[in-house]
Number of protein chains: 4
Amino acid sequence: MKFSILGATGYTGEELLRILANHPQAQVQYLTSENQTGAPIAQTYPHLTQFYHDTMISIKEVEHIASSSDVVFACLPHGHAMAIGEQVTRAGARLIDMGADYRFADTSVYEQWYKLKHVHANSQAVYGLTELRREQVKSARIVANPGCYTTASILALTPLVQNDLVDRRTLIVDAKSGVSGAGRKAETMYLICEAFENVQAYGIANHRHTPEIEQALSAAAGEAITINFTPHLIPMPRGILATCYASLNSGVTAEQVDQAFQKAYGGEYFIRLLGRGGYPATKNTRGSNFCDIAWHIDARTNRVIVVSALDNLVKGAAGQAVQNMNVMFGIDEKAGLNQAPLYP
Amino acid sequence: MKFSILGATGYTGEELLRILANHPQAQVQYLTSENQTGAPIAQTYPHLTQFYHDTMISIKEVEHIASSSDVVFACLPHGHAMAIGEQVTRAGARLIDMGADYRFADTSVYEQWYKLKHVHANSQAVYGLTELRREQVKSARIVANPGCYTTASILALTPLVQNDLVDRRTLIVDAKSGVSGAGRKAETMYLICEAFENVQAYGIANHRHTPEIEQALSAAAGEAITINFTPHLIPMPRGILATCYASLNSGVTAEQVDQAFQKAYGGEYFIRLLGRGGYPATKNTRGSNFCDIAWHIDARTNRVIVVSALDNLVKGAAGQAVQNMNVMFGIDEKAGLNQAPLYP
Amino acid sequence: MKFSILGATGYTGEELLRILANHPQAQVQYLTSENQTGAPIAQTYPHLTQFYHDTMISIKEVEHIASSSDVVFACLPHGHAMAIGEQVTRAGARLIDMGADYRFADTSVYEQWYKLKHVHANSQAVYGLTELRREQVKSARIVANPGCYTTASILALTPLVQNDLVDRRTLIVDAKSGVSGAGRKAETMYLICEAFENVQAYGIANHRHTPEIEQALSAAAGEAITINFTPHLIPMPRGILATCYASLNSGVTAEQVDQAFQKAYGGEYFIRLLGRGGYPATKNTRGSNFCDIAWHIDARTNRVIVVSALDNLVKGAAGQAVQNMNVMFGIDEKAGLNQAPLYP
Amino acid sequence: MKFSILGATGYTGEELLRILANHPQAQVQYLTSENQTGAPIAQTYPHLTQFYHDTMISIKEVEHIASSSDVVFACLPHGHAMAIGEQVTRAGARLIDMGADYRFADTSVYEQWYKLKHVHANSQAVYGLTELRREQVKSARIVANPGCYTTASILALTPLVQNDLVDRRTLIVDAKSGVSGAGRKAETMYLICEAFENVQAYGIANHRHTPEIEQALSAAAGEAITINFTPHLIPMPRGILATCYASLNSGVTAEQVDQAFQKAYGGEYFIRLLGRGGYPATKNTRGSNFCDIAWHIDARTNRVIVVSALDNLVKGAAGQAVQNMNVMFGIDEKAGLNQAPLYP
């Protein structure tokens, strides 16, 4: 498999390179960067020395890139991937978009939250939350790779809404993320001096991952679901923890909750169920493609609290993209992804 | 004012010493430690060199300590303060307990959550959340200094329940705390190698600060309130951020919410209202006695989200204790507490 | 004392504001910022809310600022303070420059290392390492406040070179600094994601604090000294640790080394001698004006190793500036500076 | 290859498990733990769930363990490996000791620094700094895996002393280490609250890695070398940076220095030469087996400054052990070790 990356110098591009360096069947073809065209990738990321000797080219050559690649990863600001999606697939490559452009079945939702006209509405892109859409991913020409917060939230709540165990008006996701989720932006608020020994919320009631979570949960429930989603910035580079709240429907037992998770994920390699009463920790997933999930029942308030943990750059981005690539090309889903987490 | 500290070598004791070193009217009398009896405090905490030359004695001398002090701070594991409360007050000192022993009006709640028989039920202790109980604190012989999570949670939610703006069955507090909240315990999970680049929840549905928050909110509401409280460990020493959720009662407007906070805290020095749409950050309160509060209305879900931030060792412990001391002795409430936060 | 700050929005300006908020005799007059002219300082630094209500003006009004201030602090990029030094002092204010412009008695050294023509060579500025130049500081019209690395290095090595205890050709300073020393610059290398869990050297053999340290040590020794100075970036905001190496002169005893430090600093409040065999830790000085010093003799190699620790923004910048201000105006040298370090 | 680990629950044991999980030819046989005998390793280290299902046994079964293993890794406190070395090799396994017991050719040096009688003096163990002892490692029955500080220091300085480029009386190593180097000890000084935002030196002039570095440099030089070695604790889990100083011999040119490094390491995969003027960063090696090296010449002082960076748990411990294992068994030296560093 020959792969190329559009926008290789952000953290998502870099993480794809890290993971694919160990993939037994993937071969780099082209990397693009508009700021650093002509420079070797190892100049931007010296840690990749000995792994890649490639010099970056411009995305202007996307036609040529696509025609000589089996798969193209787009790590671009939103708005840019939908502009080249048709070109890439027409040239014969399959596209995995790390951004938001292809995530919404109803592109008017995209237009409303991203304030942009969608230019590739009939794309037939598949939403690539692998565990939930494996069959559709197999044959997709374009895969919309899910957001980091959304992967954590959707995996945590789907078994509950799908099995009608919770009151769908009561869903709240309180999420905590490492700063790499913001990308490699040289902005004051992400400086170590500012972000260190600090925690704060942001995007309350208006973060763009909200409609993405709602779309997936509504599909699972078979009816429209509206949620509260609150992201927080945690003083660390990697990791997302999602703490999810919902009121149990009348008469639902703890065992039914256990069974719902077991049925949904019991056979999944990359989802590790810690069971009822467990405590996922982001550190246990660092650098790996795992999503760890546990749940608690509070008898006093009749709520279920689900906690999920993952590495936002791996299962929340590049790892899931490689997982999708593996599914698309019919090879072992774990290929390139079976590294143990880095601890401590 | 002559003060003594029982249990001076924990973080709460240390923080009292740091703050009181700058108090214009407070004079240290005795410090106790059972492990380090006979050692100078600056041996345990070299940063206090030049400020304290005191050698620690044993709590066995509590009678003598109390009779020569105006105020005694108890920084002891729960169960220990209630055992000496009567002795201390009889000897003429006023007691400020940093632990849980005197926090519950109904001591059976204490007994149920702390699994201990309460031995000083008729203490007439006052719950010292200063802004809410200033009048009672003035004349109290024993002040139960609130917990760190509880101060952040109660300050955030009281204006809403007091003014009947929210559905009292829908309260959820999702709190994030620095590790110093766990005290100075040499346990594996608090090692830098373990806690670094990690976030996880703990004590879901059974943390002991839950009934303390419920007691205060129930009192404000005039009816019993049960909440969900979920604490999280954040990879940093200081700071608590509480993200609080509640469904608005029918017809409640954003302006009513604004007014409730303004009315409750508009005149308070140590509560800084960031207003509707603001984002408190724990770093902005580090080392200071401030609690920063903001709120958001989500029209899509009809929920109000209140966020509060404070330094768990200051407004969440030693700072509020000094604030209470100032109130008890009729001096300027800000004495010793008017340091600006340490940033960055 | 009425003070003004030119360039109030950097970390040095902010730290002056933090410290001076507690100074019993200092009153803010004007703050300048060229990016944020017209904005209140608490908008840039919300943690200063309740302490300053001032709106920033432009440095273009420096004449007016100086004529209505007793002391002006310049927190400006190098090259800018020397351009306004004469104006400030002529208008009647005394100037404390936090930058490098006035630090070199021989301005040709400045010109060589900073690649700038010096425009105020006859300034008669005094190098304000308070403990070493107290008498000259008293009457100075312009004080050049020392750099952070330099304060730590000069305080560590002066007793040794002054008393001819070490071979002056063997001095090496290996220094470790928190990232706030780089200022509040939104550059990629200072992002939390890049600086976290990382340590690296920079400026080897060419850092601009080198000639500043050499100037002071040469003056103390009475002959020209050339050193190696190697700074390192440590993943934390505050703190400098300087590990200094020198070969003992033949026959020098450990007791002579002890005496040299005792004689130099035994009476100094802000220098805490931990003695032979001690281990200064930056955390013990955080937020305070202390410099902690200890030394070790290695009999196997006949070297002395001196370790000094301080908070780069306090004793290494704003704290020492306030200390100098106190000396200049004949008030208690500790005024505003007697806060205990923030720990943990 | 069947491997077993004695003392699997420390960070070195854990790191061996992480690395070997991806080794194409290694199979776990037995893991031992004395505290947690009978427990599965994934209970101690949940991040290893899906990788190991093994239950730990006691080291008392070492005879059986060794007879059914090809290689045994000893991750034991010093003193324990030498007690079982003969038993292990007699039973047919080869031993890789992660501790200090077999590191000294002259066991009297061991006895002097470790205050223990050596009980296996005639072991013929090989000091396994792979790049320098590859040939001897091949046939070794016992490999003494080097310490973390020592690997960084020896690799940095060997080319200089071996080629007689520096004055051997002037060597100083100033090293900075993440806290995982201290192991998984629940001691107060390693708590996140204590170690965070702190840097300090320790073990000045008496750290046990000193004689180990001296032994290797003396061997390379062909004469006895005594050095200063100063370790520092950095607020992060992983990574060592060694900053090494030496005076150049008269007439030595920068090109000779360049050539010495090129000759020594130009063909080595795991040593990445950043060249003259480069800046190794620990983060660029995190989770990988690389050691990055650069050097600087200071013409003003005629010193060379060499900087090396590595991950103390990988090239400084478990990674180098696996590299040695690969060499011992004649397989690809990179097997299991070719993961790209984890960044950011």
Side-chain angles (χ1 to χ4, degrees), chain A residues 9-15 18 33 35-36 39 43-48 148 176-202 232-240 282-283 286-287 311-314 316-318 341-344, chain C residues 9-15 18 33 35-36 39 43-48 148 176-202 232-240 282-283 286-287 311-314 316-318 341-344:
Chain A
T9 61
Y11 288 144
T12 316
E14 178 282 325
E15 192 70 359
R18 181 183 75 84
S33 166
N35 304 335
Q36 288 154 277
Q43 187 176 296
T44 305
Y45 287 117
H47 70 286
L48 293 178
C148 48
K176 296 90 183 162
S177 174
V179 183
S180 66
R184 204 189 199 200
K185 287 188 220 120
E187 294 178 10
T188 303
M189 75 176 291
Y190 305 127
L191 293 175
I192 187 169
C193 288
E194 306 283 320
F196 199 80
E197 202 166 7
N198 190 28
V199 52
Q200 64 180 101
Y202 66 101
H232 296 78
L233 216 55
I234 303 297
M236 60 185 195
R238 285 172 183 253
I240 282 182
T282 61
K283 197 178 191 77
R286 189 169 61 151
D311 183 324
N312 57 303
L313 292 179
V314 191
L342 189 72
Y343 189 101
Chain C
T9 61
Y11 288 144
T12 317
E14 179 282 326
E15 191 70 358
R18 181 183 74 85
S33 166
N35 304 336
Q36 289 154 277
Q43 186 176 296
T44 306
Y45 287 117
H47 70 285
L48 293 178
C148 49
K176 297 90 182 162
S177 175
V179 183
S180 66
R184 203 186 198 203
K185 288 187 220 120
E187 294 178 10
T188 303
M189 74 176 292
Y190 305 127
L191 293 174
I192 188 169
C193 288
E194 307 283 321
F196 199 80
E197 203 168 4
N198 189 28
V199 51
Q200 64 180 101
Y202 66 101
H232 297 77
L233 216 54
I234 303 298
M236 60 185 194
R238 285 172 184 251
I240 281 182
T282 60
K283 198 180 192 75
R286 189 168 62 152
D311 182 324
N312 57 303
L313 292 179
V314 191
L342 190 72
Y343 190 101

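By convention in this document, chain letters (A, B, ...) are assigned in the order of the sequence lines, proteins followed by strands, and residues within each chain are numbered from 1.
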Asker: Roughly how far, to the nearest 0.5 Å, is the CD atom of A/Glu194 from the OH atom of C/Tyr11?
Answerer: 3.5 Å
Asker: What is the distance from atom CG of C/Leu191 to atom CD1 of A/Ile192, rounded to the nearest 0.5 Å?
Answerer: 9.5 Å
Asker: For C/Pro237 versus A/Phe196, what's the shortest heavy-atom pair and its separation?
Answerer: CD-CD2, 3.1 Å
